[in-house]
Amino acid sequence: MDGSRGHAPRQTRTVPIHHRSPDGPPKGRGCWPGPGVGAMGGLQRARNGISGAGSPRCDRRDGGDRSEEGPPARGRRCPESLCRSDDSANLARPGRYPPDPALRPESGILATFRVPTQAPPRTNPPMDPTSIADLLADAQSRIGQTVRLQGWVRTRRDSKAGLSFIQLSDGSSFATMQIVAPSDLENYEADILRVTSGCSLDVEGEVVESRGKGQAIEVKASHIDVRGFVDDPDTYPVSPKKHSYEYLREVAHLRPRTNTFGAVGRVRNCLAMAVHEYFQTNGFQWIHTPIITANDCEGAGEMFRVSTLDAANPPRNEQGEVDFSQDFFGRESHLTVSGQLAVECWCLALSKVYPFGPTFRAENSNTSRHLAEFWMIEPEIAFADLNDDADLAEGLLKHCFRTLLDRRGDDLAFFNERVESTCIQRLEHFVESPFERIDYTDAIDILEKAVAGGRKFEYPVEWGSDLQSEHERYLVEEHVGRPVVVMNYPKDIKAFYMRMNDDGRTVAAMDVLAPGIGEIIGGSQREERIDVLDARLDEMNLPREDYWWYRDLRRYGSVPHAGFGLGFERLIAYATGMANVRDVIPFPRSPGNADF
RNA sequence: UCCCCUGUAGCUCAAUUGGUAGAGCGAGCGGCUGUUAACCGCUAGGUUACUGGUUCGAGUCCAGUUGGGGGAGCCA
C-alpha cells in the first residue's frame with residue numbers, strides 16, 4: 001500500500017549516545033576524485049590506534065573527541081555505528097538536529113535520530129518512479145509532465161529568491177537532475193534546508209525547461225520526501241570535494257556514490273554485457289566452470305585452499321601431514337585459478353564456449369594490474385589454430401570497445417576529461433586499426449636492433465627468455481603504438497598444454513599487449529596430439545595420471561583447438577584510463593585486503 | 001617476495017640547520033545570489049600512524065612495527 005511508501009518513521013527516536021561512535025568514519029565526498037596520489041592519513045591512524053574487538057569496520061574511527069557528547073574518544077569503539085546501516089545512517093549529533101533543548105547532552109546521554117518531519121502530501125495514488133536516464137532520453141517531450149524521481153543528493157544550493165537547487169543522482173546515467181525546491185514546500189524549512197550530500201530523496205514534480213545554464217530541463221518539485229538523512233554531515237565520507245582513489249578504497253561501501261566510481265560501475269556493466277553479446281551472437285555457449293576445484297594440476301600459480309577442517313587442529317595421517325581425505329571433498333581442494341582445462345572438455349563437444357566468472361590467485365602480487373579475486377573471460381574454440389585465436393581476441397576486444405563508445409559516451413566523456421585525456425581517442429583508434437601481429441622471434445630482433453641503436457633496458461634481450469615488462473612496453477608504446485599480438489614463444493617459458501610448433505623449439509602461444517596496461521590477454525593453441533602432450537608432461541615432470549581426463553580428450557575425438565584468457569578488470573582499466581584494477585572492481589581483494 | 005618513496009585537521013597538502021603545528025577544500029553558523037565544483041565572512045576541528053630510543057628540546061634524527069604508493073617478479 002503506497003500511501004505511505006517511502007516515508008521514514010515520523011516519530012523522533014532517542015538512543016543512548018554511547019551507541020554512537022565518538023566521531024564518524026573518515027569523510028570526504030567524492031565528486032571528482034583526482035588522480036590517485038598522496039598518502040593516506042586518518043584511516044591508518046584509526047586502524048592502528050584503536051584495537052577494539054568485533055567487526056573490523058567498526059575500528060575505523062579516527063581519534064579526536066570532537067564534542068562534549070562523546071564517550072572517551074580513543075580506545076573505544078562503537079559496536080554498531082557504520083556496521084548497521086539502518087539506524088546509524090540517521091544518527092545525529094545531539095543538540096543539532098533537531099535543536100531540542102530537552103535532548104541536549106547535558107540533559108542525559110541521549111542523542112536524536114535525524115528524521116524527516118512530516119510526510120508531505122503526494123499524488124494519490126503515488127506514481128511510478130522514473131530514472132534520470134529515462135527522463136533525459138526524451139527530455140523535450142517530457143516537459144510539462146509530472147514525474148517521480150528517487151535518488152541521492154550530490155549538492156544543495158540555496159537561493160534567497162525562495163528556492164533551493166538540489167543535484168540528484170540515481171546512478172542510471174552519469175548525468176544528475178537538478179531539482180528545484182521552492183520554499184513554499186511545506187517541509188522546506190524543516191527538511192529541505194537540512195538536506196546535505198548523501199541524503200536520499202523521493203521527489204515528485206513537473207519537468208520544466210531550465211531557466212539556468214548547464215541543463216536543458218529540471219524538475220520543479222511539488223513534493224520532496226527525505227527518505228534518509230545523513231548522520232553528522234561533517235563525517236560523511238564522500239564530501240563534495242576531490243578525493244584520492246586510495247582514500248576512496250577505504251570507504252568502498254560509499255565510493256559508488258562518486259562520479260568516478262558510478263561511471264566505473266556502469267562501464268563495467270556495459271562491457272560485461274558486450275562480452276556476452278559478442279559471444280552469443282557468434283554461436284558461443286557460456287559454460288559455468290567450477291569455482292571449487294580438486295585438481296592439483298591447474299598450474300597457474302598459488303591457490304586458495306577450500307576446507308572445512310578445523311584449522312587449529314586438523315586431522316593428521318601417520319606421517320604427521322594434514323589428512324585431507326577427511327576434508328569435505330575427501331581431498332585437498334582449492335578455488336579455481338582458471339576454467340581453461342575444464343572448459344576444454346566442453347569445447348570438444350559444443351565447439352565454441354566461454355567461461356566468464358570469478359577467478360582466484362593467492363599470489364603475493366602487489367601491483368596495479370593484479371587482484372586476488374578477479375573476473376576472467378576464457379573463450380575456447382574447436383577446429384581452430386592460433387591465428388583463429390588471435391582473430392577472436394581482436395574481434396572480441398573491438399566489439400567491446402565499439403559497444404562502449406556507442407552506449408556509454410556520457411561516462412567516457414568524464415573519463416576523458418578527468419581521468420585520462422586520450423581515453424576516447426585511444427578507444428576509437430583501437431577499434432579502427434588492425435592489431436599488429438609479430439612473432440616472438442621477430443620481437444626479439446626488434447628489441448635487439450633497439451639496443452644496438454642505443455636503447456637501454458635493465459634486463460638483457462635474448463632469444464629464449466621471456467619478454468620483460470620494459471620490453472613489452474617498448475614494443476607496444478614506442479615501436480608500434482597500438483595493440484600487439486606476440487606469437488610463438490619459446491617452449492621452455494610456456495605451459496605444458498600449449499601446442500608444439502614444427503620447429504620443435506616454440507609453442508603456439510600468444511600474448512595481446514595493450515599500451516599502458518601491458519598483457520591484457522594470454523592464450524594459445526592447445527596441444528591436441530596425445531603423444532606430443534605426453535612427451536611434454538614427462539619433460540616437465542608432471543604425472544600423467546593427474547591429467548587423465550585431460551588426456552582423454554586427446555584420445556577420444558581430438559581436434560585442434562585454441563583459446564585465451566582475458567582479464568576483465570584489465571579490460572575495464574584500459575577502456576577507462578583508470579590506472580589500478582583495484583578501482584574498477586566493486587570490492588577489491590589483494591594481499592592483506594579483503595575488507596567489506 | 002624484492003627495491004625505492006611515503007604516513008601531519010574529515011580530505012589534499014605545507015612547516016627553514018631539531019626550537020610555540022599552518023593553508024586550501026570540506027563541515028557548522030551568518031551574508032548574498034535562478035543557483036550549478038557558486039561566492040563572501042566567522043567558528044570549530046591535531047596524542048604529527050604506533051612503540052621505543054638520541055636530545056635541554058623531536059612532526060623533523062635513529063631502530064622496530066604497521067598502513068599506503070611507485071617499480072620489479074608472477075600473471076589476466
Side-chain angles (χ1 to χ4, degrees), chain A residues 23-34 36-51 62-67 73-74 93 96 154-167 176 178 180 182 196-197 210-215 218 230 232-251 259 300-302 337-338 359 361 363-371 374-378 418 458-459 466 468-470 495 511-512 517-523 564-571 573 579-581 591-593:
Chain A
D23 50 3
K27 56 126 177 226
R29 168 176 345 176
C31 277
W32 285 309
V37 289
M40 299 301 310
L43 278 169
Q44 298 101 317
R45 280 190 297 102
R47 198 186 261 165
N48 296 339
I50 302 177
S51 62
D62 205 356
D65 189 357
R66 56 175 67 229
S67 74
R74 282 203 180 265
R93 299 177 70 174
R96 185 182 292 171
R154 283 287 172 76
T155 61
R156 184 195 97 220
R157 299 174 296 275
D158 302 322
S159 167
K160 278 296 180 293
L163 65 168
S164 292
F165 300 95
I166 296 168
Q167 292 302 139
T176 55
Q178 174 157 286
V180 180
T196 57
S197 298
S210 179
R211 286 163 59 185
K213 295 173 195 147
Q215 60 281 318
E218 62 197 18
V230 163
D232 185 357
D234 193 35
T235 66
Y236 183 56
V238 216
S239 58
K241 71 180 294 294
K242 207 161 126 176
H243 294 290
S244 66
Y245 296 131
E246 292 78 26
Y247 167 70
L248 289 167
R249 267 174 230 152
E250 306 283 334
V251 289
N259 281 330
E302 295 297 312
V337 294
S338 167
T359 309
R361 305 254 168 109
E363 301 285 354
N364 191 8
S365 295
N366 294 290
T367 81
S368 58
R369 306 177 306 283
H370 289 87
L371 291 164
F374 64 101
W375 285 60
M376 190 155 63
I377 301 143
E378 300 177 275
R418 298 277 173 170
E458 189 182 340
Y459 290 87
D466 211 352
Q468 300 292 319
S469 285
E470 58 176 349
D511 283 351
V512 179
I517 191 134
E519 184 181 340
I520 194 170
I521 280 178
F564 61 80
L566 166 61
F568 189 48
E569 285 73 22
R570 290 185 183 177
L571 181 73
N580 196 318
V581 290
N593 191 346

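Computed over heavy atoms, backbone and side chain alike; hydrogens, waters and symmetry mates excluded. Since the structure is predicted, the reported quantities are computational estimates derived from the model, not experimental observations. Below, chain A is the first sequence line, B the second, and so on; all start at residue 1.
Remark: Q468(A) is not in phosphate contact with rA72(B), judged by side-chain N or O atoms under 4.0 Å from OP1 or OP2. Checking the phosphate oxygens (OP1, OP2) of rG73(B), a side-chain nitrogen or oxygen of S469(A) falls inside 4.0 Å. In this structure, R157(A) reaches the rA38(B) phosphate: one of its side-chain N or O atoms is under 4.0 Å from OP1 or OP2.
Applying the 3.5 Å distance criterion, the base of rU12(B) shares no donor-acceptor pair with the side chain of E246(A). A donor-acceptor contact under 3.5 angstrom links the side-chain atoms of Q178(A) to the base of rU35(B). Side-chain to base pairing of S365(A) with rC74(B): one donor and one acceptor N or O lie within less than 3.5 Å of each other. Donor-acceptor pairing under 3.5 Å, judged by distance alone, is present between the side chain of N366(A) and the base of rU1(B).
Within 4.0 Å of Q215(A), counting heavy atoms only, lies at least one base atom of the nucleic acid. G212(A) comes within contact range of at least one nucleobase, with a heavy-atom separation under 4.0 Å. Among the heavy atoms of the strands lying under 4.0 Å from L371(A) is at least one base atom, whether or not backbone atoms are also near. Across all strands, F568(A) comes closer than 4.0 Å to no nucleic acid atom at all (heavy-atom distances).
Nucleotides rG57(B) and rG19(B) place their C1' atoms 7 Å apart, quoted to the nearest Å. rA21(B) and rG28(B) have their C1' atoms separated by 23 Å, with the value rounded to a whole Å. Going from the P atom of rU16(B) to that of rG7(B) covers 13 Å, rounded to whole Å. The separation of rC42(B) from rU47(B), taken at their P atoms, amounts to 25 Å, rounded to a whole angstrom. Between rG46(B) and rG10(B), the two P atoms lie 7 Å apart (nearest whole Å). Look at the C1' atom in both rG67(B) and rC50(B): the space between them is 11 Å, to the nearest Å. The separation of rC25(B) from rA37(B), taken at their C1' atoms, amounts to 11 Å, rounded to a whole angstrom. Annotation: rC61(B) and rU6(B) have their P atoms spaced 9 Å apart (nearest Å).
S210(A) places a side-chain N or O within donor-acceptor distance of the main-chain N or O of G212(A), the cut-off being under 3.5 Å. In this structure, Y459(A) contributes its side chain and S469(A) its backbone to no donor-acceptor pair below 3.5 Å.
Checking P591(A) against T367(A), the closest nucleotide of RNA chain B that is more toward the 5' end is the one next to P591(A). Along RNA chain B, the nucleotide nearest L566(A) and the nucleotide nearest S368(A) are compared for position; the residue whose nucleotide lies closer to the 5' end is S368(A).
The nucleotide whose nearest atom lies closest to any side-chain atom of Y247(A) is, among rC74(B), rU35(B), rC11(B), rC11(B). Comparing atom distances between the R249(A) side chain and each of rG68(B), rG73(B), rA38(B) picks out rG68(B) as nearest.
Between the side chains of T155(A) and R157(A), at least one donor N or O sits under 3.5 Å from an acceptor N or O.
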Nucleotide-level pairing of RNA chain B, given in dot-bracket where Watson-Crick and G-U pairs need both distances under 3.5 Å and | marks other strands
(((((((..((((.....[..)))).(((((.......))))).....(((((..]....))))))))))))....

